[in-house]
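The structure appears right after this line, and notes come after that.
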Protein chains: 2
Amino acid sequence: MRRTPARRPTIKDIARRAGVSESAVSFALNGRPGVSEATRTRVRRVAEQLGWQPSAAARALSGEGAATVGLVLARPARTLGGESFFLRLVSGVQEVLSAHGLGLLFQVVEDIGAECAVHRRWWAEHRVDGVLVVDPRAADPRPALLDELGLPAVIIGAPDDAGRPLPDHGAISTLWADDTGAMASVVGHLHALGHRRITHIAGLPELAHTRRRMAGLRAEAERRGLPEVRSVTTDYSDTEGAEATRRVLAAPRPPTALVYDNDVMAVAGLAVAAERGVPVPGGLSIVAWDDSVLCRSTHPALTALARDTAAFGRHAAEELVALLAGGPARRVEDVTPQLVVRDSTAPPGS
Amino acid sequence: MRRTPARRPTIKDIARRAGVSESAVSFALNGRPGVSEATRTRVRRVAEQLGWQPSAAARALSGEGAATVGLVLARPARTLGGESFFLRLVSGVQEVLSAHGLGLLFQVVEDIGAECAVHRRWWAEHRVDGVLVVDPRAADPRPALLDELGLPAVIIGAPDDAGRPLPDHGAISTLWADDTGAMASVVGHLHALGHRRITHIAGLPELAHTRRRMAGLRAEAERRGLPEVRSVTTDYSDTEGAEATRRVLAAPRPPTALVYDNDVMAVAGLAVAAERGVPVPGGLSIVAWDDSVLCRSTHPALTALARDTAAFGRHAAEELVALLAGGPARRVEDVTPQLVVRDSTAPPGS
DNA sequence: GCCGACGGCTAATGCGCTTTAGTATGACCC
DNA sequence: GGGTCATACTAAAGCGCATTAGCCGTCGGC
């Protein structure tokens, strides 16, 4: 037989025990004026004794908001394979949210259309007070949707909606990493080593940061007078990363250095090099975007663009908290990822 | 200036537009008897027109439950490094939950004490109807806590609480993989290749599945008469995995085969072998528990114990949904992970 | 032709909290 | 001593929904 669970105490219980009205309890516990200090402390003590916690549902219903923020990840299951960036991001997000008593409602969906539907539903059901948006892309439908719904949001990863400024009457902040600067540092490092043929194995072409990295690469190559530098796009999976590597290395004048847009593809690329008998870094230099334990675990260890992903998540959460408190929308740039040089880059033909 | 967001329609709006009372609307939309078919369809149409969605807060407050389940991951940030198992699990969980209109409240905390506090708070705040529990361990305080709170739960990864049966009046189901059988298949494979000295680089010793794997290894080794088989424990991180590998390989009679409890450590171990000039699989065979893209991406590709992690998550979510619907607590064993033989295992000294 | 049953609906209550309006008490001032 | 005014509190309404009780008309049975 299933035991009936313990009943949760309500402010009514507190009111009875403390000998005051329910409203007095509410005032006392929320730091509102209208009760004496003596009563306030007495009520607080009783509440603590009873182990009272406010009912999130009741709070939300009486107009306080849901004390919850949403985060939906739109990725086909296939590309979730070796993904570790996201969990680190979320762990940073959580640190800040839980410090503010906010819950995180999380959902994984297949595509961006489904993501929009989730936002709509969350909004209609009063489930969230705001959302975090990841993987911004060119012609992204989400900023306009969230603006229409009046749902505060922080867009993680892009300075704007594909060049167009965001509608500034909405409560939408943006936070992004300096991909351009980071890419310049990568090209600088490789060029200094003597590389002139560099290929960038990029991620999904529709994502905003992919475009920024590709543009950054082109600009920096032009500045340095390197004509044989280009990008090819993939879906971030190990499979396409490996395939692209094979294709690129089989070309007539293959590149001497490869820059991968994530760690999973970089590791896959390293395996392709091994399989073809190309020594790394002697015959091919490899750089991974987004450092992770993987880059340190391979042999040779991979030169990588490192950033503190958890801190990135914390920043994003802080922006959202500020927005929820009624603060203005902001556009902030995070620190530039730093190139960590390890053993996978060296002068070509060394 | 911040625009005032669109107002969400309520059943009152529907009632007015449809010319019936609010209760009739509630009956109509929830499939309750008490309204004619004609009225029901009319109300449904109006609701759809208005884009109405029930307020989660109001539903929860009027006793329907929060339509949300919780999941807390207690892991120090340090060990989150290359973690990809969890996200795949969650993506499976989501498929089932969202099909039932359930949200997932997710939290990452540092340790199990904090996790218990989160469960208590969620319960007190009426935030969740049930929870999923991962990483069960020996002398786990969570089953008793959840039982006390009367919070339905599915414990993912262990058949019981360290041998003691769960209190069966609670609504706590368990779901676990057949670690013992899987370990037997690994030992069988290695033994058949001719290995007699096998070391198991295990994960955290306090986790229940680590214990089962260690016990499974001991039992199978005994059965086959292999005295030089043992386990060493780590924290699952690449660092400790690499360290353990170095220590083990430097011993007087080093093992000829290593079994790693996760993919991250297996990759780290592979790098250590490369660094020491030990050829894999010629000089050392490697098996990874939990297949992932990583195992396919390394060179040589790693022999691994594969299971469908998303399906595992789906099963867990299904059990929880059944529990929430009032079903009995169950104890179910998931399919046994299958050994996928790749290029990292071969006869010793080949 | 009367009674009871039943289908189809409305009114009213409650969930736990916040908030507004209102009341009692006492201090203070001319 | 009657007025104003703050202080400390209570009463009551409302958030959006589910649910219970109750109301009215109709139909079937005797």
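Within every chain, numbering begins at 1; the chains are lettered A, B, ... in the order of the sequence lines, protein sequences first and strands thereafter. Keep in mind that the numbers below use all heavy atoms, side chains included, and drop hydrogens, waters and symmetry copies. What you are looking at is a predicted structure, and each value in this text was computed from that prediction instead of being measured.
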By the definition side-chain contact (heavy atoms from CB on, under 4.5 Å), identify the one residue from Val128(A), Leu320(A), Leu324(A) that meets it with Leu102(A). Leu324(A)

CZ/Arg121(B): more than 12 non-hydrogen atoms of other groups inside 6.0 Å: yes

Would you mind reading off the distance between Leu61(B) atom CG and dG14(C) atom P, rounded to a whole angstrom? 14 Å

Quick one, Leu105(B) with Leu105(A), criterion side-chain contact (heavy atoms from CB on, under 4.5 Å). Give me CA distance, side-chain angles, the key distance, then yes/no. CA-CA 5 Å; Leu105(B) 203 55; Leu105(A) 203 56; 4.1 Å; yes

When we call it a touch if two heavy atoms are under 4.0 Å apart, what does Ser55(B) touch: a base, just sugar-phosphate, or nothing? sugar-phosphate

Determine, stepwise, if the pair Val46(A) / Asp13(A) fulfils side-chain contact (heavy atoms from CB on, under 4.5 Å). CA-CA 9 Å; Val46(A) 172; Asp13(A) 300 317; over 6 Å; no

Here the distance between atom C1' of dG16(C) and atom CZ of Arg127(B), to the nearest Å, is 15 Å

Verdict with reasoning, Leu29(B) to Ile14(B), per side-chain contact (heavy atoms from CB on, under 4.5 Å): CA-CA 11 Å; Leu29(B) 295 175; Ile14(B) 302 178; 4.2 Å; yes

Looking at every strand, decide which applies to Pro54(A) at a 4.0 Å heavy-atom threshold: base, sugar-phosphate, or nothing. sugar-phosphate

Might you confirm whether atom CZ of Arg17(B) has over 12 heavy atoms from other residues, nucleotides or ligands at distances under 6.0 Å? no

Thinking salt bridges, do Glu148(B) and Arg120(B) make one under a 4.0 Å N-O criterion? yes

5' to 3', nucleotides 8-13 of chain C under a 4.0 Å protein heavy-atom cut-off (B base, S sugar-phosphate only, - none) gives BBBBB-

Figure out the CZ/C1' separation between Arg8(A) and dC17(C), and round it to whole Å. 15 Å

Is Gln53(B) touching bases, backbone alone, or none of the nucleic acid, heavy atoms closer than 4.0 Å? sugar-phosphate

Between Glu48(B) and Arg45(B), is there a side-chain N and carboxylate O pair less than 4.0 Å apart? no

Among Gln94(B), Glu319(B), Glu95(B), find the residue that satisfies the side chain to side chain donor-acceptor pair (under 3.5 Å) test when tested with Arg314(B). Glu95(B)

Between which nucleotides of DNA chain D, 5' to 3', does chain A make heavy-atom contacts below 4.0 Å? dA8(D) to dG16(D)

side-chain contact (heavy atoms from CB on, under 4.5 Å), that's the test. Do Trp123(B) and Arg8(A) meet it? Break it down for me. CA-CA 9 Å; Trp123(B) 171 80; Arg8(A) 304 157 175 87; 3.2 Å; yes

Base-paired stretches in DNA chain C with three or more consecutive Watson-Crick or G-U pairs, both distances under 3.5 Å, amount to C:1-30 with D:1-30

Any heavy-atom pair between the side chains of Val72(B) and Val131(B) that's under 4.5 Å? no

